[in-house]
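Comments concern the structure below.
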Amino acid sequence: MDWAGNIVESHVHVAREKFPRVERYLEDMATLGISRAVISQNIGNSDNQYLIDVAARFPDKFKVIVMLDLESPTVVSNILNLRNYPNVVGVRLWASTKGLGINDLEIWQALADSGLIASVRGPLDQINSVYFQKVLTEFPDLKIRIEHLGSFNFLNDKAADFDLFMKISRFENVHLMWAGFYANSGESYPFKNTTKFLQQSLKVFGHQRIMWSGDWNADIENGSAQVCRESFELFTKRLLLTELADQELDWIMGKSVDKFLNWS
């Protein structure tokens with residue numbers, strides 16, 4: 001039987017330009033049955049005012065993850081100032097991100113001090129690096145989510161590298177985002193070559209530390225309700241993981257985001 005529960009999108013882009021405006025996404029949210037969403041700033045854009053304004057207009061619908069100029073000499077104070085924006089919950093950055101001064105961990109320290117989450121991008125070799133292991137060790141209370149399953153390429157990357165990636169599950173503050181299959185599978189829908197890796201990540205992280213994203217922005221200019229619908233049907237119709245229980249889906253499709261962000 002298909003699952004039908006509360007859906008929370010953990011990662012979507014809206015913008016003044018390049019990506020659709022929020023009104024377009026709101027239409028598809030209603031059609032698809034998505035109750036709330038985390039808007040993430042797109043790469044290369046550190047002007048977050050539009051996203052902040054959107055969340056202020058729709059505080060029950062959206063939280064925001066921003067991007068900052070990580071090479072700015074004021075980046076630490078800029079992070080600390082985000083505490084003035086209650087709907088901003090985190091910052092996107094790379095696993096290789098280092099501070100500009102003698103303390104290469106100062107950006108991560110500022111995130112921890114601010115109570116913000118770190119939404120971490122790949123590539124996988126950066127996530128598997130000695131430096132990022134240092135970050136994880138130094139900040140056990142910093143909430144971290146790994147976007148797009150570490151940008152693992154299911155067709156070309158090595159299973160051994162995925163095994164190494166999975167070892168960060170021992171850090172209980174780390175969560176995973178399942179997304180990007182249309183881009184990283186190398187196969188057509190329903191991306192069957194992803195199954196064993198999803199099973200592995202579910203086994204070691206558990207369903208309460210995995211959150212779904214629907215790849216609505218597969219169509220950059222207009223958004224794609226079709227891709228998003230297919231993305232959640234991979235799980236709600238159990239096309240990839242036949243063994244998923246309704247309780248596990250409750251978490252993957254919504255509750256894990258709510259708990260991660262203390263969002264209710």
- Check for a donor-acceptor pair, side chain of N173 on one end and backbone N or O of L142 on the other, with a separation under 3.5 Å. yes
- If you measure from the Lys or Arg side-chain nitrogens to the Asp or Glu carboxylate oxygens, is any gap between D53 and R57 under 4.0 Å? no
- Message: Students often mix this up, so state it plainly: with edges at 30° and 60°, are the rings of Y25 and W216 parallel, tilted or perpendicular?
- Response: perpendicular
- Query: Any salt bridge (Lys or Arg N to Asp or Glu O under 4.0 Å) pairs touching residues 179-201, not counting sequence neighbours?
  - Reply: none
- Task: Using side-chain hydrogen bond (donor to acceptor under 3.5 Å, both in side chains) as the criterion, list what pairs up with K98, not counting sequence neighbours.
- Result: none
For residues 160-167, which side-chain donor-acceptor pairs fall under 3.5 Å, sequence neighbours excluded?
| unit_1 | atom_1 | unit_2 | atom_2 | d |
| --- | --- | --- | --- | --- |
| D163 | OD1 | Q200 | NE2 | 2.8 |

- More than 12 non-hydrogen atoms from neighbouring residues, nucleotides or ligands closer than 6.0 Å to CD on E71, yes or no? no
- Message: Using a 3.5 Å distance criterion without hydrogens, assess whether the side chain of S35 forms a donor-acceptor pair with backbone atoms of I7.
- Response: yes
- Partners passing side-chain hydrogen bond (donor to acceptor under 3.5 Å, both in side chains) against S201 (at least two apart in sequence or in another chain): W178
- Query: Is the closest basic N to carboxylate O distance between D2 and R238 below 4.0 Å?
  - Reply: no
- Not counting sequence neighbours, which residues clear side-chain hydrogen bond (donor to acceptor under 3.5 Å, both in side chains) with D250? List them please. W3
Could you list the donor-acceptor pairs under 3.5 angstrom formed between side-chain atoms of residues 112-123 and any protein atom two or more places apart in sequence or on another chain?
| unit_1 | atom_1 | unit_2 | atom_2 | d |
| --- | --- | --- | --- | --- |
| D113 | OD1 | Q109 | NE2 | 2.9 |
| S114 | OG | A110 | O | 2.8 |
| S119 | OG | R145 | NE | 2.8 |
| S119 | OG | R145 | NH2 | 3.3 |
| S119 | OG | E147 | OE2 | 2.5 |

